[in-house]
2 protein chains.
Amino acid sequence: MATVSRVVNNNPNVKPQTRKKVFEAIERLGYRPNAVARGLASKKTTTVGVVIPDISNSIFAEIARGIEDIANMYHYNIILCNADKRKEKEIRVINTLLEKQVDGLLFMGGTVTEEHIQAFQTSAVPIVLCATRDEKGTYPSVDIDHETAAFDAVNTLIRHGHREIAMISGTLQDPANGYARFQGYKKALEAAGIEYQEDLVRIGNYRYESGVEAMKYFLGLKKKPTAIFAATDEMAIGAIHSIQDEGLKVPDDFSIISVDNIRMASMVRPLLTTVAQPMYDLGAVAMRLLTKLMKKETVENPRVILPHETILRLSVNHVNK
Amino acid sequence: MATVSRVVNNNPNVKPQTRKKVFEAIERLGYRPNAVARGLASKKTTTVGVVIPDISNSIFAEIARGIEDIANMYHYNIILCNADKRKEKEIRVINTLLEKQVDGLLFMGGTVTEEHIQAFQTSAVPIVLCATRDEKGTYPSVDIDHETAAFDAVNTLIRHGHREIAMISGTLQDPANGYARFQGYKKALEAAGIEYQEDLVRIGNYRYESGVEAMKYFLGLKKKPTAIFAATDEMAIGAIHSIQDEGLKVPDDFSIISVDNIRMASMVRPLLTTVAQPMYDLGAVAMRLLTKLMKKETVENPRVILPHETILRLSVNHVNK
DNA sequence: GAGCTACATCGTAAATGGTTACCGTCAAAT
DNA sequence: ATTTGACGGTAACCATTTACGATGTAGCTC
């Protein structure tokens with residue numbers, strides 16, 4: 001038994017001849033090692049748990065792809081759990097993942113609350129937050145700087161001469177895509193000495209339809225904005241279509257910018273100018289970080305902020321007075 | 001030990017009072033059952049393996065969501081493995097999934113070859129194919145009828161008076177999205193007595209860019225088609241933009257139809273007319289089928305074909321002579 | 001009231017399929 | 001002959017489940 005274990009695990013303490021005999025027997029018997037027994041004995045499962053808000057959301061799917069690729073590279077498997085940003089469900093899957101003795105946990109989601117922290121603390125294995133972070137900064141995380149990303153987006157509008165800039169925001173309850181991006185918008189206005197006007201902000205739900213709706217509202221204003229900053233590409237695309245449906249043009253009549261750079265941003269007319277967040281890399285870097293933690297390597301900086309980049313395409317123009 | 005096991009597993013043979021004491025101890029000690037040991041002893045892991053070509057592809061992501069929801073409903077977890085339709089990698093992940101003692105396997109991919117079958121045969125647990133099938137029909141599967149879906153698509157073009165109908169196909173090596181949809185195109189032409197013309201078919205790679213390219217080719221023809229059938233929505237949207245970039249209009253100058261009905265189909269102008277394949281349901285039904293198989297329930301029809309539906313939106317018009 | 005049965009409850013120990021610490025053996029080298 | 005190191009085997013261990021047996025209690029019969 002021990003010898004078989006050694007050859008299966010590539011332990012050098014076995015004569016090549018014996019190794020060969022074992023391999024032949026394995027072949028002949030159709031033996032397949034049982035990873036569950038192995039996991040019990042070795043206390044390692046070579047699988048990591050991933051909690052994700054919604055795999056059918058292209059942003060998270062792209063992040064997941066990054067996670068999977070790196071996990072695969074290090075021979076880990078992934079247990080994937082959708083949790084829809086519902087706290088109660090998140091806590092539940094964290095616990096079942098921990099019961100399954102995953103070697104590490106990758107958490108994506110919206111807010112991480114006190115209850116999340118409590119669940120995390122019961123964990124014997126490392127946890128990293130991906131595309132989110134905890135307020136206190138006690139857990140390793142990889143994310144972008146949403147506020148600065150939004151700031152940069154609004155700023156490129158301002159540099160193009162716009163001063164009537166509306167925003168289609170997400171809910172302010174959401175710390176990253178919602179609140180932070182909204183703060184970036186406000187700060188950019190402030191830095192340019194532009195007064196913040198409440199009726200130039202609409203709250204959407206990140207989706208296309210809410211972008212359409214929000215833009216309809218702006219189009220109904222007596223004093224219309226000249227540019228729109230949307231918190232997500234999807235809402236931006238909704239806004240574009242809302243404008244085009246009225247017979248108006250982007251960027252001639254309105255400039256549009258947003259944050260994300262989903263694939264669709266280069267599959268619309270006009271091509272969407274947006275601040276790219278490196279989705280694949282968010283996942284990849286988070287997973288890489290987790291592998292280090294699982295190997296108990298010391299990591300210099302466990303809270304990484306990935307750079308964003310504004311991609312100038314065709315939906316932003318100089319203001320048209 | 002046995003008693004604890006009984007209360008944890010909700011076995012009725014335990015006095016309420018004892019049960020309570022056990023729960024208190026669990027609470028006090030912070031005991032968390034070890035699913036790995038449980039799996040070893042019970043020979044069940046309550047996890048199923050899913051091999052998927054690419055989770056960042058929105059179609060598969062949507063299917064995966066269906067799988068996950070149903071799995072969750074039956075208290076299964078999902079081990080997700082990307083395999084990129086690469087046979088060698090598919091075989092490899094099938095084996096590691098089986099080593100992990102998954103209770104069942106859901107296979108999505110392109111072709112299922114003889115080697116796949118061999119790998120499947122070593123499995124002690126049920127396997128179902130999702131969005132694909134094996135030629136011999138030996139394995140349970142859930143899929144749509146790609147040929148008929150394509151047939152229906154082309155047919156609605158024909159019913160709108162079109163006779164010069166081009167196709168942007170996928171590779172004919174791919175049995176489902178490629179070959180079958182192409183066959184549907186040919187048969188629809190044939191049924192309408194329209195001659196098949198080789199230079200009205202271009203092969204793409206399912207992606208947006210290849211749709212753009214293919215359409216450029218058609219626009220360069222002396223005798224242009226009046227309608228285009230694309231094997232996927234993405235290519236159709238590429239074609240639409242290719243047309244619009246030339247200052248021409250959809251559907252005035254060209255009618256466009258395709259198969260899939262991805263979210264983006266209702267996020268373009270004009271809204272894309274397409275034959276919908278029920279992606280979420282493909283996943284959900286496949287997973288449901290797998291749960292039955294895992295419970296050793298007998299299932300009447302293990303090879304299910306889900307219905308498709310043509311969604312009339314705005315990219316198809318009556319021909320304009 | 002003793003004895004018996006039946007049943008509910010609980011504990012014991014084997015089994016699950018590996019890993020690994022430890023020890024014994026053997027051949028080669030000193 | 002002794003030492004050394006490579007190699008292989010033994011058995012403990014991992015945390016559960018589960019078959020089976022032990023225990024206790026209540027109810028019943030005589």
Side-chain angles (χ1 to χ4, degrees), chain A residues 1-49 75-77 79 95-105 122-125 294-296, chain B residues 1-47 49 75-77 79 95-104 122-125 294-296:
Chain A
M1 270 170 57
T3 303
V4 173
S5 176
R6 274 185 288 259
V7 342
V8 169
N9 291 303
N10 243 318
N11 182 314
N13 292 341
V14 43
K15 215 188 310 186
Q17 186 187 338
T18 322
R19 182 182 303 274
K20 190 154 165 254
K21 285 200 317 209
V22 172
F23 274 132
E24 281 168 9
I26 285 178
E27 182 67 23
R28 184 157 38 84
L29 275 359
Y31 168 80
R32 198 189 331 248
N34 180 323
V36 173
R38 189 194 303 236
L40 184 60
S42 69
K43 301 184 164 312
K44 287 191 199 112
T45 54
T46 64
T47 96
V48 316
H75 301 108
Y76 284 101
N77 290 111
I79 301 187
N95 280 313
T96 83
L97 254 10
L98 259 16
E99 281 184 12
K100 297 233 171 183
Q101 310 296 118
V102 293
D103 294 340
L105 199 56
T122 66
S123 168
V125 297
M294 290 189 295
K295 280 191 248 168
K296 302 200 190 311
Chain B
M1 272 169 57
T3 303
V4 174
S5 175
R6 275 185 285 258
V7 344
V8 169
N9 292 302
N10 243 317
N11 182 315
N13 292 340
V14 43
K15 215 189 310 185
Q17 184 186 339
T18 321
R19 182 183 303 275
K20 189 151 165 258
K21 283 201 318 208
V22 171
F23 275 131
E24 281 168 7
I26 284 179
E27 182 68 23
R28 183 157 39 85
L29 275 359
Y31 167 81
R32 192 184 343 242
N34 180 323
V36 173
R38 186 192 303 232
L40 184 60
S42 69
K43 301 182 164 313
K44 286 192 201 112
T45 54
T46 62
T47 97
H75 301 108
Y76 284 100
N77 290 110
I79 300 187
N95 280 314
T96 84
L97 253 10
L98 259 17
E99 281 185 13
K100 297 233 168 179
Q101 311 295 119
V102 293
D103 294 340
T122 67
S123 168
V125 297
M294 290 188 296
K295 279 192 249 168
K296 302 200 189 313

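Source: prediction; values computed, not measured. Throughout, a chain's letter reflects where its sequence line sits, starting with A, and its residues are numbered from 1.
Regarding Glu99(B), its CD atom lies at a distance of 11 Å from the P atom of dT19(C), rounded to whole Å. Between Tyr31(A) atom OH and dG17(C) atom P the separation is 10 Å, expressed in whole Å. dA15(D) atom P lies 7 Å from atom CG of Asn34(B), rounded to whole Å. Residue Lys44(A) contributes atom NZ, which lies 15 Å from atom C1' of dC13(D) at whole-angstrom precision. Between the CZ atom of Arg6(B) and the P atom of dT18(D) there is a distance of 11 Å, given to the nearest Å. Distance, Lys43(B) NZ to dT16(D) C1': 13 Å, rounded to whole Å. Between the P atom of dC14(D) and the CZ atom of Arg38(B) lies a distance of 19 Å, rounded to the nearest Å. Atom CG in Asn13(B) sits about 19 Å away from atom P in dT23(D), given to the nearest Å.
Residues Asn10(B) and Arg19(B) have side chains in contact (heavy-atom distance under 4.5 Å, counting atoms from C-beta outward). Between Met294(A) and Val125(A) there is no side-chain heavy-atom pair separated by less than 4.5 Å.
Where Ala37(A) and Ser5(B) meet DNA chain D, the nucleotide closest to each residue was compared, and Ala37(A) sits on the side nearer the 5' end. Annotation: of the two residues near DNA chain C, Leu40(B) and Val4(A), the 5′-most nearest-nucleotide partner is Leu40(B). Comparing Ser42(B) and Gln17(B) by the nucleotide of DNA chain C that holds the closest heavy atom to each, the one mapping nearer the 5' end is Gln17(B).
With Arg38(A) as reference, Asn9(A) is the one residue of Thr45(A), Thr46(A), Asn9(A) to meet the side-chain hydrogen bond (donor to acceptor under 3.5 Å, both in side chains) rule.
Closest to the side chain of Lys15(B), from the set dT19(C), dT9(C), dT20(C), is dT9(C). Closest to the side chain of Thr3(A), out of dG8(D), dG17(C), dT9(C), is dG8(D). Here dT17(D) is the nucleotide among dT17(D), dT16(C), dC14(D) with the atom lying nearest to any side-chain atom of Asn9(B).
You won't find any donor-acceptor pair under 3.5 Å spanning the side chain of Arg32(A) and the base of dG17(C), going by distance alone.
Residue Arg19(B) is classed as having no contact, given no heavy-atom separation below 4.0 Å to the nucleic acid.
With hydrogens and angles left out, the side-chain atoms of Arg32(B) and Asn95(A) include a donor and acceptor closer than 3.5 Å.
Here the closest heavy-atom approach between residue Pro33(B) and residue Val8(B) is recorded as CG-CG1, 4.4 Å.
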